[in-house]
Amino acid sequence: MASFVKSLFIVAAASLTFAATLYAEAPRINGPSVYGARPGSEFLYKVPASGTRPVTFAAKGLPDGLTIDSRSGIISGTTPVKGEYAVELKVTNAQGSSVKVFRIVAGERLALTPPMGWSSRNCCGSTVSRQRIEANVKALLEKGLDRYGWTYINIDDGWQGLRTGENGALGPNRKFPDMEGLSAYIHSNGLKFGLYSTPWACTYGGYAGEGCDRADGVYWWAEKGMVDANCKVDKTKLDRTGLRTHTLHSFAEVDAARWADWKVDFLKYDWYPNDEYHIRRMRAALDSTGRDVIYSIAGDAPVGVAATLYECAQMWRVGGEVRDEWGSVVSAGFERLPAWAGFCGPGHWPDADMLVIGKVGWGPKTRPSLLTQDEQMSQMTLWAIASAPLILGCDLVDMDSFTLSLVTNPEVIEVNQDALGIFPTLVESDSAHCIYAKPLEDGSIAVAMFNLTREKTVLGLSPEKLGFVGDVYMRDIWEREDVSRVGSRAVWSRIVQPHGVFFVKISPVVKGAQPL
């Protein structure tokens, strides 16, 4: 009997070993093929690589001053002198290896591809705290989002205290007792740290901004006890909308220096209407610290400051806050983004606001997004093909499998992170549908066909309309599978769900084929 049980155990163990081998995943290097940093600045980049752990990272051709941790894939050090450096990244596990050519561009431009990360805004609102930030960082790592390029951890409105620091610098409130420690925790995992502020005296949420009526940095409403325990203006005592104004005194330079001490990598600067003076002042303040900081302007960017935004910011909001309603997604993505197409490219990204997929809530509790699954897939697709920044707003701790599948599809992300950074061309559209096409660095074209109606519909096109000659391969980006080989003159179509999308990559079978 004992030998029989032992035999069963051996067979079961062998089956488990076979199953583990069967479902083991070979490594794949994800994310961009190019990365920009300023010479002499602190360098931090985590190679995003999926695949069964453990994996080993290597980098051939790293310039002097940079090293890679073979276990974590974190490249760190000091950015070298101005120039372009070709690095061969390699990731290896028990199932094989993956190699990718990666260009480090040392120069004045940051964000050579759209920033990717997470913000507390849509999840926490002003109830954000260190505990919730750390919980979402942990969830991001445990769910492997960093393996696909999700990098920035941004604390939105709600961290601010009062001006009690050196030279009147703004300190955090009691929800964030140790900003240096939180920043160190984020950076130790190869992620980057972002904050929120405004040039006004008071933020939308009721917290202190860069402006102050007094040169000593004391806010009169705080002095009179009109704030709660977290230094938020108590709206039962004072109408905070009257505090959303510019003031004589600005602490932009003082605060930027303190943020540099905290090793901040991203600043969301929020007010309306955006004006040239305050855009430039904070840009200069950030630059004076010597730290590479992604500068994100929020509000509703007016065309009158378009040139200033292009010069000073890496990303800027093209409209108001996006909510989890189909009409809001349509307004931001299909109506507002295209107006900024001419300003889109490496280092400059029109921002359609955060993704409202997964569980959101803007406060202490979250709930499933009101968007259908097809609508969530459409938002993710539209932001990806439009080269828009990908900033998650959902609760990562309570992320379901569907949302996880949306944000860990490497081929969708690859379209967004393409080095050319081209805004897509509108191939055709009417009130019922639209089709966008985006040329990619490898010579293929990503095509997104959106159904704007509440009914199923058939959408398609002829590859010849995009300039292809000869046979082409059609690859379903969401399903990650080749679906067809067709002639360029054939009309290829697919049934698309209500408010859904079909996302395909079209590649020539023979490049440079002669027209017949």
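As a basis for the values below, the full set of heavy atoms in this structure was taken, side chains included, without hydrogen atoms, waters or symmetry mates.
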- Could you walk me through whether F102 and Y45 pass the ring-ring contact (aromatic ring centres under 6.0 Å, His included) check? CA-CA 12 Å; F102 182 68; Y45 181 82; 4.8 Å; yes
Less than 4.5 Å apart, side chain to side chain, heavy atoms only: is that true for [X] and [Y]?
X    : Y    : result
D324 : R367 : yes
F57  : D69  : no
N30  : V47  : no
F193 : K263 : no
V105 : L112 : yes

Any chance the side chains of [X] and [Y] put a donor and an acceptor closer than 3.5 Å?
X    : Y    : answer
W362 : N122 : yes
S387 : K438 : yes
T113 : Q417 : yes
S429 : H433 : no
T453 : N451 : yes

Separation of [Y] [atom2] from [X] [atom1] (nearest 0.5 Å):
X    : Y    : atom1 : atom2 : result
L44  : L191 : CG    : CG    : 8.5 Å
M377 : W478 : CE    : CH2   : 5.5 Å
T67  : L62  : OG1   : CG    : 7.5 Å
L461 : M449 : CG    : CE    : 4.0 Å
R121 : D157 : CZ    : CG    : 7.5 Å
T151 : I186 : OG1   : CD1   : 12.0 Å

Contacts satisfying side chain to side chain donor-acceptor pair (under 3.5 Å) that involve residues 396-407 (not counting sequence neighbours) are K359-D398, D400-T403
Using every non-hydrogen atom in the two residues, find where [X] and [Y] come nearest and quote the distance to one decimal.
X    : Y    : value
S120 : D156 : OG-N, 2.9 Å
L140 : W150 : CD2-O, 4.2 Å
L337 : A388 : CD1-CB, 4.3 Å

Please name all residues satisfying ring pair (Phe, Tyr, Trp, His ring centres under 6.0 Å) with [X], sequence neighbours left out, ordered by chain then number.
X    : value
F343 : W340
Y148 : none
H348 : Y310
Y85  : none

Quick check against the 3.5 Å criterion: does [X] have a side-chain atom that pairs as donor or acceptor with the backbone of [Y]?
X    : Y    : result
S369 : I357 : no
N416 : V412 : no
N274 : A298 : yes
W118 : C394 : yes
S328 : E325 : no
E42  : R291 : no
E335 : V330 : no
D265 : V293 : no
S188 : Y185 : yes
E464 : S488 : no

(Q) Tell me if the CD atom of E455 is crowded by more than 12 foreign heavy atoms within 6.0 Å. (A) no
Salt-bridge contact [X]-[Y] (side-chain N to carboxylate O under 4.0 Å):
X    : Y    : value
D300 : R336 : yes
D146 : K46  : yes
R53  : E25  : no

Going through the distances and angles, do I153 and N136 end up as a side chain to side chain contact (heavy atoms under 4.5 Å, CB included)? CA-CA 9 Å; I153 301 294; N136 276 277; over 6 Å; no
Residues passing the salt bridge (charged side-chain N to carboxylate O under 4.0 Å, His left out) test with R323, sequence neighbours excluded, are E321
Partner residues of [X] under the side-chain contact (heavy atoms from CB on, under 4.5 Å) criterion, sequence neighbours left out:
X    : answer
A37  : Y35, S41, F43, T79, D292
L420 : D418, I422, E441
T56  : S70
V99  : E88, K90

task: Any chance you could lay out the side chain to side chain contact (heavy atoms under 4.5 Å, CB included) test for L89 and V101, step after step, and finish with the verdict?
output: CA-CA 6 Å; L89 301 176; V101 176; over 6 Å; no
Item to check | Between Y196 and Y269, ring centroids under 6.0 Å | outcome: no
So that I know where these two stand, are F266 and Y295 an aromatic pair - ring centroids less than 6.0 Å apart? no
Decide side chain to side chain contact (heavy atoms under 4.5 Å, CB included) for W492 and V486; before the verdict, give the C-alpha distance in whole Å, the side-chain angles of both, and the deciding distance to 0.1 Å. CA-CA 8 Å; W492 197 91; V486 300; 3.4 Å; yes
Can you give me every donor-acceptor pair (side chain of residues 495-509, partner residue at least two apart or in another chain, under 3.5 Å) with its distance?
residue: H499; atom: ND1; partner: E375; partner atom: OE2; Å: 2.6
residue: H499; atom: NE2; partner: W326; partner atom: NE1; Å: 3.2
residue: K505; atom: NZ; partner: D442; partner atom: OD2; Å: 2.9

In short, salt bridge (charged side-chain N to carboxylate O under 4.0 Å, His left out) pairs touching residues 122-133 with sequence neighbours left out are R130-E134, R130-D178
Notebook entry, point to check: Should M354 and L392 be marked as a side chain to side chain contact (heavy atoms under 4.5 Å, CB included) after you check the CA-CA gap, both sets of side-chain angles, and the distance that decides it?
Noted result: CA-CA 6 Å; M354 288 170 278; L392 296 169; over 6 Å; no
Of K100, R28, R475, the one forming a salt bridge (charged side-chain N to carboxylate O under 4.0 Å, His left out) with E414 is R28
